[in-house]
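The structure appears right after this line, and notes come after that.
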Amino acid sequence: MRIGEIAALVGVTSRAVRHYHHIGLLPEPARQANGYRAYTVRDAVLLARIRRLTEIGLSLDEVRDVLADDAGRELGEVLAELDADLARQEREIQERRQVLAVLLEAPLTSAGPLSPALAALLEHAPATTSPAAAKDREHLALLDAAGDEAGAAVFGALRPLAEDPGVLALYERLDELEGAGVGDPRIAPLAAELAAAVPDEVLAVIPEGVPSATGFGRVLLDDYPPAQRAVVCRVMEELAERVRRRGTS
């Protein structure tokens with residue numbers, strides 16, 4: 001095989017092959033009488049190995065270390081490993097396509113495709129122009145982006161809360177705190193009512209079990225102005241306390 005043929009076979013460019021030769025990652029084969037490099041199956045296997053290792057995020061120095069460990073292995077063993085790697089990628093592609101098929105069945109919005117669980121939740125939520133409600137939906141979309149079963153369980157448990165018309169009044173009161181300070185007397189009673197409105201079923205399925213001001217909770221808190229952040233932080237603390245009380249009862 002010539003350089004263009006081996007490059008096409010493995011799925012890289014001729015320039016990449018030359019670069020691997022230049023840095024000593026891919027040994028340069030002997031040239032034929034006509035001056036062209038003559039590549040073998042072993043060269044193709046090695047080049048494919050380099051491509052796959054770089055695709056999973058290894059640096060070229062790390063690839064060099066892996067290849068050094070492979071030195072002396074039988075060609076059949078290396079080919080079998082490459083075949084197993086291809087089978088793994090095939091499974092991963094099928095899994096991603098299955099997720100994509102589910103997303104395509106859900107309503108498409110300007111925010112992107114939603115999972116069926118979140119789409120069902122938002123479908124039953126009453127229409128509102130509340131900025132706080134809109135922010136809540138953005139946070140749910142962020143959780144939805146994780147694409148795991150925990151998020152779907154949370155969305156299902158939130159259904160009764162989303163259908164409660166009284167929640168709209170709580171959102172409106174939260175909106176009124178947008179420009180308020182952290183000492184506003186409305187913070188504590190609103191936080192207590194918001195926490196009380198959250199069903200126990202939601203707490204049972206929250207990832208890691210306890211709402212907190214770290215990780216996703218920190219991202220959520222940072223999205224609010226001071227007074228609203230104080231409300232949400234109090235809600236998190238109250239929900240965490242409810243979880244602890246249930247765990248000790």
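If you read the sequence from its start, that first residue is 1, and numbering goes on from there. Keep in mind that what you see is a predicted model, and the values were worked out from it rather than measured.
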- Item | Side chains of S130 and R173 in contact at under 4.5 Å (non-hydrogen atoms) | no
- Item | Considering all heavy atoms, the nearest P199-A157 contact | CG-O, 4.4 Å
- Task: Kindly give the heavy-atom pair with the smallest separation between S14 and G4, and that separation in Å.
- Result: OG-CA, 3.7 Å
- Task: Report the residue from D164, V231, L190 that forms a side-chain contact (heavy atoms from CB on, under 4.5 Å) with L170.
- Result: L190
- Can you name the closest pair of heavy atoms from A44 and L9 and give their distance? CB-CD2, 4.1 Å
- So which of D136, L118, V198, L121 actually passes side-chain contact (heavy atoms from CB on, under 4.5 Å) with L158? L121
- Task: Working to the nearest 0.5 Å, report the span between CD of E62 and CG of D65.
- Result: 7.5 Å
- Note on the structure: For D43 and A38, the nearest pair of non-hydrogen atoms, with its separation, is OD2-O, 4.2 Å
- Atom CG in L53, atom CG in L25: separation rounded to 0.5 Å? 9.0 Å
- Item | Flag side-chain contact, heavy atom, 4.5 Å: R186 against L177 | yes
- Query: With side chains defined as the heavy atoms from C-beta onward, is the minimum distance between Y20 and I50 less than 4.5 Å?
  - Reply: yes
- Task: Could you tell me whether the side chain of D184 and the main chain of G181 form a donor-acceptor pair under 3.5 Å?
- Result: no
- Query: Thinking salt bridges, do E241 and R244 make one under a 4.0 Å N-O criterion?
  - Reply: yes
- Please round to the nearest 0.5 Å and tell me the distance separating atom OG1 of T40 and atom CG of L46. 9.5 Å
- Message: Are L60 and V10 linked, directly or through intermediate hydrophobic residues, by side-chain heavy-atom contacts shorter than 4.5 Å (ILVMFWY only)?
- Response: yes
- Any side-chain heavy atom of R37 sitting closer than 4.5 Å to one from E28? yes
- Query: Do you reckon Y39 sits in the same ILVMFWY cluster as Y36, going by side-chain contacts under 4.5 Å, direct or chained?
  - Reply: no
- Query: What do you reckon, is CZ of R31 surrounded by more than 12 foreign heavy atoms closer than 6.0 Å?
  - Reply: yes
- Message: Test your reading of the model: is there a side-chain donor-acceptor pair from Q228 to the backbone of L174, 3.5 Å cut-off?
- Response: yes
- Query: Would V182 and V235 show up in the same hydrophobic cluster when neighbours are defined by side-chain heavy atoms closer than 4.5 Å?
  - Reply: no
- Note on the structure: Note: P29 and H21 closest approach over all heavy atoms is CD-CE1, 3.8 Å
- Do R88 and E92 meet the salt-bridge criterion of a basic N to acidic O distance under 4.0 Å? yes
- Chi angles and distances behind the side-chain contact (heavy atoms from CB on, under 4.5 Å) call for E55, R51: CA-CA 6 Å; E55 283 178 347; R51 181 177 72 84; 2.4 Å; yes
- Task: Please check if atom CD in E178 has more than 12 non-hydrogen atoms from other residues, nucleotides or ligands closer than 6.0 Å.
- Result: no
- Task: Could you check if a side-chain atom of R234 sits within less than 4.5 angstrom of a side-chain atom of L194, using non-hydrogen atoms only?
- Result: no
- Query: Checking salt bridge (Lys or Arg N to Asp or Glu O under 4.0 Å) for the pair R245/E238: CA distance, chi angles, key distance, verdict?
  - Reply: CA-CA 10 Å; R245 288 198 300 265; E238 173 57 28; 3.5 Å; yes
- Gap separating the CD atom of E163 from the CG atom of L161, nearest 0.5 angstrom: 10.0 Å
- Closest heavy-atom pair and its distance - A227, A180: CB-O, 3.4 Å
